[in-house]
Structure formats: structure tokens, C-alpha cells
2 protein chains.
Amino acid sequence: MRVSPIAGSPPHAVEQALTTLGRNIRTARLRRRLSRRQLAEKVGMSRYLMADIEAGKPTTAVAAYIGTLWALGLLDDVEALAHPDQDLEGKVLEAARRPTTAPKRGRALDDDF
Amino acid sequence: MRVSPIAGSPPHAVEQALTTLGRNIRTARLRRRLSRRQLAEKVGMSRYLMADIEAGKPTTAVAAYIGTLWALGLLDDVEALAHPDQDLEGKVLEAARRPTTAPKRGRALDDDF
DNA sequence: GAATAGAGTTGTTTTAAGGCAACATAAATC
DNA sequence: GATTTATGTTGCCTTAAAACAACTCTATTC
């Protein structure tokens, strides 16, 4: 498998975010008194993969992370990720663009579909 | 490559969360007037992978998702994922356990190391 | 201290992720 | 309507993700 640069050697900020996420997942698991094997089985993966997740491995499938959060009952946090209502900078950019004519291209102002 | 069940055929809630995340990323990209190719280059991946992300593909590397959020300036949301201070259920479980003697095993109450 | 269980590590095997070329289509600007 | 750009799609190739066995080192419970 080829690995994209972002996954192969992530910038520090991304690496940091993943490490923190793994540590948080570990904390949540221990609080619930679950072994890696137990949580892994609930999620549907091996204990080895659970170890990768707690280590914040960048190349691991996103569903392994999200699925783990789901099994821990922490899926709500995921729903908030990049939520349009919270994307202040995006809203500002959109608003600033409104008065002018369309700069170059793109499907104007509407959010997709 | 083998694929874990959680990634191969995720439960509906996980699939839903990924689809929503992809759609949110797409919205944020369009608001910033970036093509997939442009954003992909900023992140460090191909436009094909960016398409997978916007589709919410479960087997894609987590760093591709996190890296995209990073490039969009939306990394703050990631830091909040499974944050111990927000994990109410975890805190309750921990507190409820405190009075009793250690149920079976595990390194007691401390958050690791 | 013996037994049990969680967890780190290493090597092997399988198989699909991700890059890419090459196309097609849709939309926008001229 | 011709050109340009963004995006979908398909197939091929390389390579490593993920499972597993087989250890090891802990730490806890008896």
C-alpha cells in the first residue's frame, strides 16, 4: 500500500492531535474498566489494532478510531467535527464574498448537492 | 491488506458519522473557495484521496482526515475528541468505583503513567 | 511465590489502500 | 459554442495495514 505524505510523516500538529486522541481513548477505556481485548471485541477489531489506536498511529483506518469512540459512547464529539455552524472562519469568508461578483469559478454560495 | 470488521462494514452510526464528517469537510472547503486539488496539495495527498474523504470512506487513514481538518484550520475540534474532562460517563464510573476496593484488576484509579 | 491476566514486541501472511493515468462529464468563462 | 477547470470513474501497480502466533515483561490476586 502506498501511504500519503500526510499519513507517512504528518506535521507536528497532526501528530500531536493523534497522540492526544489515543491517550484520551485509553483514559476512557480504563475508566470503564475494560481491557484492550474487551473493548476491541466490542468494536470489532483485534487487540493489536486497539494498541495502535491508543498510540495514535496515523495510518490506521479512520473507522477504527470512530468505531472505538462509538463503543465508548463518545460519538457525539465526532458529530461536532467541522460542523458548518461552528466554522466561524468559513462563515466569515462566505459572507465577505457575498457582495462581490463571483471571483472566478465554483458553484457560487450554496452548500453542495 | 486486511480490513477489520469495523472498517469493512461499520455499524450504521459510525457510517453516518463519517458521511457527515465528509460533508462538513466539503462545505468548509467550498467556503474557502478551494478545489479538491488545491486542498489536497496543501494537506499532502492526491485529489483522489480527498474525494474519498469527502465521501466518508471508512478505510482511509485517520491522518488523512485529521490532516485535512488541520489544513482547514479546524484542528481545535479534534482536540476535544474524547477529552477526559468532557467524558461525564467516565467520570461517573470512576467516582462510583472509588469507595469500593479494587474490583478485580487494573492499575487503580490513576490516569496512566 | 505461584498463577493469572493485561499489555508490549517481533516476524509472517494476506490483501486492499492510495497514487496515477486515462478517460468522461459538468459547469463556468470567454 | 469553444475553452478551461472541477470532478467522477475505472483499472493497474506497489506496498504496508491488520490479523495472528509466539513469545516477553509486568502487575495483581491468591
Side-chain angles (χ1 to χ4, degrees), chain A residues 1-10 18 22-23 25-27 29-65 67-68 97 100-113, chain B residues 1-10 18 22-23 25-27 29-65 67-68 97 100-113:
Chain A
M1 181 215 233
R2 292 190 186 162
V3 167
S4 47
I6 186 68
S9 48
L18 282 171
R23 199 159 34 83
I25 286 175
R26 180 186 179 91
T27 300
R29 173 178 65 81
L30 290 174
R31 276 179 168 168
R32 285 161 180 76
R33 274 278 196 266
L34 296 169
S35 71
R36 282 185 181 171
R37 198 184 293 267
Q38 288 174 319
L39 181 56
E41 192 182 6
K42 278 180 74 168
V43 178
M45 62 169 92
S46 70
R47 72 180 180 97
Y48 310 100
L49 189 47
M50 185 59 71
D52 287 342
I53 287 172
E54 292 190 355
K57 195 176 164 195
T59 50
T60 292
V62 68
Y65 281 85
T68 300
R97 198 162 61 241
T100 72
T101 45
K104 252 200 114 169
R105 204 161 300 270
R107 302 221 305 303
L109 307 159
D110 61 303
D111 300 356
D112 63 323
F113 77 103
Chain B
M1 181 212 232
R2 292 188 186 166
V3 167
S4 47
I6 187 66
S9 49
L18 282 170
R23 199 160 33 84
I25 286 175
R26 180 187 178 89
T27 301
R29 171 178 66 81
L30 290 174
R31 276 179 169 168
R32 287 163 180 74
R33 274 276 197 267
L34 296 169
S35 71
R36 282 185 182 170
R37 198 184 293 267
Q38 287 173 320
L39 181 56
E41 192 183 7
K42 277 180 76 168
V43 178
M45 63 169 93
S46 70
R47 73 179 180 96
Y48 309 101
L49 189 48
M50 185 59 70
D52 287 342
I53 287 171
E54 292 189 355
K57 194 176 166 194
T59 50
T60 292
V62 67
Y65 280 85
T68 300
R97 198 162 61 243
T100 73
T101 44
K104 254 199 111 168
R105 205 162 298 272
R107 302 222 304 304
L109 307 159
D110 61 302
D111 301 357
D112 61 325
F113 73 120

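Each chain gets a letter, A, B and so on, in the order its sequence line appears, and its residues count up from 1.
Projected onto DNA chain C by closest heavy-atom contact, A:Ser35 and B:Leu49 fall at different nucleotides, the more 5' of which corresponds to A:Ser35. Position along DNA chain C of the nearest nucleotide to A:Pro5 versus B:Arg2 favours B:Arg2 as the more 5'-ward residue.
More than 12 non-hydrogen atoms from other residues, nucleotides or ligands lie less than 6.0 angstrom from CD of A:Gln38.
Taking atom CE of residue A:Met50 and atom C1' of nucleotide D:dA19, one finds them 14 Å apart after rounding to whole Å. One interatomic measurement links the two molecules: CZ of B:Arg29 to P of D:dT5, which rounds to 17 Å at whole-angstrom precision. The distance from atom NZ of A:Lys57 to atom P of D:dA16 is 11 Å, rounded to the nearest whole Å. In this structure, the CD1 atom of B:Ile53 is 9 Å from the P atom of C:dG19, given to the nearest Å. A straight line from CD of B:Gln38 to C1' of D:dT7 spans 13 Å, rounded to a whole angstrom. Nucleotide C:dT10 holds its C1' atom 13 Å from the CG atom of A:Asp52, rounded to whole Å.
Neither OP1 nor OP2 of C:dG6 sits under 4.0 Å from any side-chain N or O of A:Arg33. For B:Thr59 and C:dA17, the shortest distance from a side-chain N or O to OP1 or OP2 is below 4.0 Å. Residue B:Arg47 has no polar side-chain atom (N or O) positioned under 4.0 Å from OP1 or OP2 of D:dT5.
Looking at heavy-atom distances under 4.0 Å, A:Arg37 makes no contact with the nucleic acid at all. If you check every strand for non-hydrogen atoms under 4.0 Å, A:Ala61 touches sugar and phosphate atoms only.
Rounding to the nearest 0.5 angstrom, the gap separating the CZ atom in A:Arg37 from the OH atom in A:Tyr48 is 7.0 Å. Here the straight-line distance linking atom CD1 of B:Ile25 with atom OG1 of B:Thr68 works out to 5.5 Å at 0.5 Å rounding.
For the residue pair B:Val62 and A:Tyr65, the shortest heavy atom distance occurs at CG1-CE1, 3.4 Å. The shortest non-hydrogen separation linking B:Ala7 to A:Ala61 is CB-CB, 4.2 Å.
Judged by distance alone with a 3.5 Å cut-off, no donor-acceptor contact links the side chain of A:Tyr48 to the base of C:dA7.
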